[in-house]
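Within every chain, numbering begins at 1; the chains are lettered A, B, ... in the order of the sequence lines, protein sequences first and strands thereafter.
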12 protein chains.
Amino acid sequence: MAIIKSPLSKGARKVTGAALQGALADLVDLSLVGKQAHWNVYGRNFRSLHLQLDEIVDAARLAADTVAERAVTIGLSPDGRAGTVASDTGLPAIKDGQLTDSDVIAYFVDAYAGVIERMRARVDETAEADPVTQDVLIGITGELEKQYWMLQAEQG
Amino acid sequence: MAIIKSPLSKGARKVTGAALQGALADLVDLSLVGKQAHWNVYGRNFRSLHLQLDEIVDAARLAADTVAERAVTIGLSPDGRAGTVASDTGLPAIKDGQLTDSDVIAYFVDAYAGVIERMRARVDETAEADPVTQDVLIGITGELEKQYWMLQAEQG
Amino acid sequence: MAIIKSPLSKGARKVTGAALQGALADLVDLSLVGKQAHWNVYGRNFRSLHLQLDEIVDAARLAADTVAERAVTIGLSPDGRAGTVASDTGLPAIKDGQLTDSDVIAYFVDAYAGVIERMRARVDETAEADPVTQDVLIGITGELEKQYWMLQAEQG
Amino acid sequence: MAIIKSPLSKGARKVTGAALQGALADLVDLSLVGKQAHWNVYGRNFRSLHLQLDEIVDAARLAADTVAERAVTIGLSPDGRAGTVASDTGLPAIKDGQLTDSDVIAYFVDAYAGVIERMRARVDETAEADPVTQDVLIGITGELEKQYWMLQAEQG
Amino acid sequence: MAIIKSPLSKGARKVTGAALQGALADLVDLSLVGKQAHWNVYGRNFRSLHLQLDEIVDAARLAADTVAERAVTIGLSPDGRAGTVASDTGLPAIKDGQLTDSDVIAYFVDAYAGVIERMRARVDETAEADPVTQDVLIGITGELEKQYWMLQAEQG
Amino acid sequence: MAIIKSPLSKGARKVTGAALQGALADLVDLSLVGKQAHWNVYGRNFRSLHLQLDEIVDAARLAADTVAERAVTIGLSPDGRAGTVASDTGLPAIKDGQLTDSDVIAYFVDAYAGVIERMRARVDETAEADPVTQDVLIGITGELEKQYWMLQAEQG
Amino acid sequence: MAIIKSPLSKGARKVTGAALQGALADLVDLSLVGKQAHWNVYGRNFRSLHLQLDEIVDAARLAADTVAERAVTIGLSPDGRAGTVASDTGLPAIKDGQLTDSDVIAYFVDAYAGVIERMRARVDETAEADPVTQDVLIGITGELEKQYWMLQAEQG
Amino acid sequence: MAIIKSPLSKGARKVTGAALQGALADLVDLSLVGKQAHWNVYGRNFRSLHLQLDEIVDAARLAADTVAERAVTIGLSPDGRAGTVASDTGLPAIKDGQLTDSDVIAYFVDAYAGVIERMRARVDETAEADPVTQDVLIGITGELEKQYWMLQAEQG
Amino acid sequence: MAIIKSPLSKGARKVTGAALQGALADLVDLSLVGKQAHWNVYGRNFRSLHLQLDEIVDAARLAADTVAERAVTIGLSPDGRAGTVASDTGLPAIKDGQLTDSDVIAYFVDAYAGVIERMRARVDETAEADPVTQDVLIGITGELEKQYWMLQAEQG
Amino acid sequence: MAIIKSPLSKGARKVTGAALQGALADLVDLSLVGKQAHWNVYGRNFRSLHLQLDEIVDAARLAADTVAERAVTIGLSPDGRAGTVASDTGLPAIKDGQLTDSDVIAYFVDAYAGVIERMRARVDETAEADPVTQDVLIGITGELEKQYWMLQAEQG
Amino acid sequence: MAIIKSPLSKGARKVTGAALQGALADLVDLSLVGKQAHWNVYGRNFRSLHLQLDEIVDAARLAADTVAERAVTIGLSPDGRAGTVASDTGLPAIKDGQLTDSDVIAYFVDAYAGVIERMRARVDETAEADPVTQDVLIGITGELEKQYWMLQAEQG
Amino acid sequence: MAIIKSPLSKGARKVTGAALQGALADLVDLSLVGKQAHWNVYGRNFRSLHLQLDEIVDAARLAADTVAERAVTIGLSPDGRAGTVASDTGLPAIKDGQLTDSDVIAYFVDAYAGVIERMRARVDETAEADPVTQDVLIGITGELEKQYWMLQAEQG
């Protein structure tokens, strides 16, 4: 087993690792439900949402990769496997089958509200433990909040 | 509910749909285990594998998107949610935690062998039902087989 | 007169040539009605459709060029002149003057249904006569069917 | 019906509209005969002409789009459908079947002579009615005249 | 003080300068209200308008820069400061706070109608005084009129 | 009215909103006086300053957009209209007419000193209220301070 | 020795392997005679042919690489060494020394006729044995036939 | 001799041709003296001027090409040979040997003043004879005047 | 002497300046030993390390530049001269002559451990003194820690 | 006067300077006659030559710039003014008016023969005096000789 | 037969031509064995070598093209046909079938040793006969020697 | 220890190696003092010099890398560590702290004079020993001399 020397103390690593693993499950799931909606949406706003959802997926994938690599960097092993994501995600379930454009927006407004709340808690939890990780989480939270605004604005 | 008029007959759609949904579960899972290994691998060949795994992930994501959109196109609703992927994937389980470079190669050689066998069966099953879908599956299979060769070649 | 030696037998060339010339008339007309709608559409979804129609036009032009060059390649002379297109197209007439966004979507859903049906018949007809041409037609049909899904999805 | 408020008076709009619709028919047809020759030309200068004709087509498509959008902008509805182009074009008929390189050059030298004469008349007619449209037509005329020179120069 | 030798006579410079300074106030303000709406719009068409408004802002900024540099070129000193823009703009006031998508379109249709009318007057006024400036203003007017059409078309 | 659910408490939102609106007025004004100087500067260093001022304008526009979108994101409505900027900006007045290169540098050295002081205060004020906003403001402040150094260095 | 597990049965692999190795010899040789003519051609059409021959070389190299990697993928070892190519190629010998433009075209028209005939046979032979390989060969054949048309068209 | 059919009458062609040939001599010479100064300048502003002079040269070369091709287009034969340029240019002589930065600016301010005066006369002369040529000359004049401003501004 | 007005108080500037100058010596030296190893490494992993070391060098150069410009920005004068770097660097000495791939990895794992420890101390020291500098150092530390993980992972 | 300290002795500078100034006159003139032919050529090969001549012009301009800057670098002042070029060029006179494609090729074959002979003499002359200049001249000579081959090859 | 007038005397041409033809055989063969190994290599370093071999192939193809075109330029006819390459190459035979990564490196270290020795002899032989050709050969030799170092370094 | 087989004899390698190691120390130091001045310069020409110094640094880094890799290629081990550079550089010491623009130019004019003199000696020394290395050094010397001219020209 490779011994990655953590720049963090054992306690700091535990706190930080929990925040990062939680974020990872949320973000991988966000990328999967984003694609699910990208494929199954229909309605007058189909084309606009179809494109917007791919931007959401791209951002979520990038953020998940950043978060997971930060976890390895501090000496932990991230888990982004389908089963883990399915059980650990904080996102609400998205129903299968076709989805109207209104339903898609409503689902993501709801999902983002939860993710952002959890991300803000993670920002708080890591402030003391690891300012480098906190800075990464702040950046991702800011991006998620911007997408949240846009989704709400589309609800009219 | 949007009525997507399928260019296929009911029977052809059923056969084709099953092939596409099976491929989707395999390919989404391939993208997830690819990232899992991208993060957790270590060993003398770390850097080369770390880069190669991102190419595997990119190709799997692209193929999954193609397959899912083909399913909608023929009037079905693809399912690429974490829970569905976890239960329907044909890939072997990948263990959590750190992974040696040899273990990663061995895992993927094993995983590709299975995916390719299932993809070849899907190519056969769709030949009659829908030549357009079959052509898509042939292209993806060729790409997977090429990656399979490279992984085997790396085993030395 | 240049003697282009056809890689096909006389019979195969005749069957294949008819499929290609039919596809050419449909595809050139699709590019012209696409532009007609691009200019004359109005309504709440104006901007989204205006952009989407240019993608339809670009794809139709590219496909028409591929189909016509395939015809020359097998020793025939494609005809994509305005008069020929006007008389040989299988597309429904599009009315002149301004067009509402709903009318545009309805027109193209109808037009694509017909084009795809004819393209699928051409795929069948060329299977024996020329697998190279068939492969070209399969690729174009897949693309048209994807656009057809998106137009239907926008109908809500 | 969308009421596009014209920046022009009724009389100016009529004069300008006629010039733009005439230009549109000529330019769409130029793009179609350009492709027709691109596919059917043969002879020692095949390759050079094949490439040059695609430049002619690209320029004609761009100019047609500019002219049609200018028509909508002043409150009119442009018509670029195959039937309208076939009946309203000022271009000479191009024969079907294969075309020698010399015939292609001779045809386009002839065709450009006519288009340019009509474009220059349109430049004069719109001078008073709408300087913005006139400026657009001057730019297109300059481009057409440059291509006309090159075609003549190739006749040797 | 730098003596920029004007290529224009004193009278021509005065007439031209007035046209350019008027255009500058309108165009800088257009870029500011464009951003204001870009930030504050909401409604079903949020995303499409949000993107379209940035195109409006980009075009207005580019045109303002062109107009201001033309003013310096003929020996005058353009004024694009916030206070000057606020007092000299011909645009209607845009209300503060959130804006529905319909309100945004209605506002800009109204604003463009006025700007275009003033730009056309400036085109007339500079015809004699300076054909170079007139040509610049004609180009900008054509672009504004095209955007005006699109906004009207979106009103349905 | 769209209800953008703020990720902040009412108190935090008020503090953060004031900081963002203040920054917005400063930054929009900075982009306007930057252009004003870009057009009116003269002197031996004209060309270098003319180019540098466009970089200042680009950075200010980007920062203003970031700040305004952050305001919407936390549930407020940013105001970047000409009149608001003219009255709320903290920048010193820039005189109209031509500006020597030395005057331009002196003006911006003075202006940056003030903006930076206010930005640092805003960084302090938002530390508790919203770390995401604070991180955004820190990034912008760092960029402004770098430009401030360069302007001072040019004073010799 | 690395054991590349073939996705094909022993019989299918033998048939497919023979088709691929034959194609490899033809395509590598095509790239070599293409360069030979690129260097030694002269005549009125020198420049056009000099450029066209590089396109032929690029396409042949790409196709050779695809074919060889497909061979490894199915568990065989491709042979593209100079001696093997010299003995196994199906192309006619090209004479050494300078070549007139007419001779070059005549040579390649002849060479392409043979290559295409052999490629079409390979397409037939692999239909049953391996649809993935067949699809690859169909794509290459279509490209070769298009180049064949152009060379014939240049003969006038 | 190739007979380029002029779109202009004999009288209009004579007037327009004289304007274009005069502009050509000025513009080719401007590109040559621009390079002469680019190589021989020295002084505190060396680097800025060295770069600016290359922009002047690029613009002059582009304008010369446009003007010469316009001449061929209307059926005349442009003359840009060194001897013709040396005798027909309207630019003042530039001294040989090293040039101080101040001398370079002074020379070009003087040279541009003359070129612009002649270009404005050519704009007037071609107004009636050929609006297409006039439009080309107006564009070039606007660009030259902008460069003239910048050179004057650098004189401080 | 140019008086760069520091946005920091005298005390804050001293603390921050020490952190930045220390980081500068470390980072410039990291870029130099990175190149030293890039040139002198050998062994089975030569190529992979050779490429990786250039990425390390690029990142170190970029970070050094950022850190040095931040120092000037707060009114100090950074020192990155060879002698200063040689005496002030915290990196262990790297031996001259050829280096095995294992030695290179071992050296950099050791070197990064030290740099990161010092960077984390600098992050702590600047928290109060200057949040802008701290944010810069946090970003660089995160990047260094990521490279540290990769080097450790390669040790197997 | 700027004292450029020459890296060469007085004698070496004189020999080298003469070679460079001679090359400059030839190369500037080559760029001018290249454009002259680019504009005035006609005949069956018009298009190919028109494009080829622009490549000749681009290469000649680049080489002239290199040669002139090398002259300044060794402490001399290059002269590339129209009058100097007209009197000092070694190129044969090119006749005014239209030029057939055959005449153009014949002229340039003749012109290149002379330029190359003079360039080879300059390569010899500078061998001792300045190896840096000689290396520059060798590179330019190689490029000129390659173009000379192509022109001869086109003569058939 | 085209008479390419050689810039070299008969004797110099003979010496130079022999050097160039020898280099051509070596370099074309290097590109072929490079691809042969690219396809057939396996082992732990497969991926790194697979990529590196394509760089070797690209460089060899580029050098072969340069060398062959230099031969035509001096009035000779290069021969790069498969048979000629097979008989004239100085490279050792590479065995058919799969190749271990160690074998590949050993083969190329051996092959490069020979090529470089022959290239250095060619550099000597052409010094007097043609400095332009010598300069080309020096550049290629430098590149080959750099690749030779890297291959040796990988042997560990 | 890796045995890099040198293409040079022992004597030639010693001479060449000394020249390369000397050049390496000079060039690495040039890149370090270039950055030192890039950060610490101030004065009216700050911006121009700040940019120019980065070009000097980029060129010096590139040249250092070329020189060092050439050393390894001939079987030696280059040394570019801070301590070695500090002791072996031929450049004059640059003072710490802020630097006026005039001081910077004066310093680099002085520094370049020395580097160029040493580089010219190295060109002479390697002529016999290794023409490949000499060619590399000639290219770098030419580039340095060009920069030297520009720095002198800026002194006015």
**OP:** Identify which part of B:E145 has an atom lying under 4.5 Å from any heavy atom of chain G, answering side chain, backbone, both or neither.
**Re:** both
Original post:
Roughly how far, to the nearest 0.5 Å, is CG of G:D130 from OG1 of B:T141?
Top reply: 10.0 Å
Subject >> B:Y148 side, atom OH; G:S6 side, atom OG - distance, nearest 0.5 Å >> reply: 9.0 Å
Original post:
Taking C-beta and beyond as the side chain, do B:E117 and G:P7 meet within less than 4.5 Å on heavy atoms?
Top reply: no
Original post:
Sequence neighbours excluded, which residues qualify as side chain to side chain donor-acceptor pair (under 3.5 Å) partners of B:D110?
Top reply: none
**OP:** Go through the structure and list residues passing side chain to side chain donor-acceptor pair (under 3.5 Å) with G:D101, not counting sequence neighbours.
**Re:** none
Original post:
What pair of heavy atoms forms the shortest contact from B:A153 to G:I4, and how long is it?
Top reply: N-CD1, 4.1 Å
Original post:
Quick one: what part of G:I138 sits under 4.5 Å from any heavy atom of chain B, side chain, backbone, both or neither?
Top reply: neither
Original post:
Just wondering, more than 12 heavy atoms not from B:K14 lying within 6.0 Å of its NZ?
Top reply: no
Original post:
Quick one: which residues of residues 56-81 of chain G reach chain B at under 4.5 angstrom, heavy atoms only?
Top reply: G:E69, G:R70, G:V72, G:T73
**OP:** Heavy-atom pairs under 4.5 Å with chain B are the metric here; pick the option from G:D135, G:V136, G:T133 that has the most.
**Re:** G:D135
Subject >> By salt bridge (Lys or Arg N to Asp or Glu O under 4.0 Å) - contacts of G:E55 (at least two apart) >> reply: D:R47
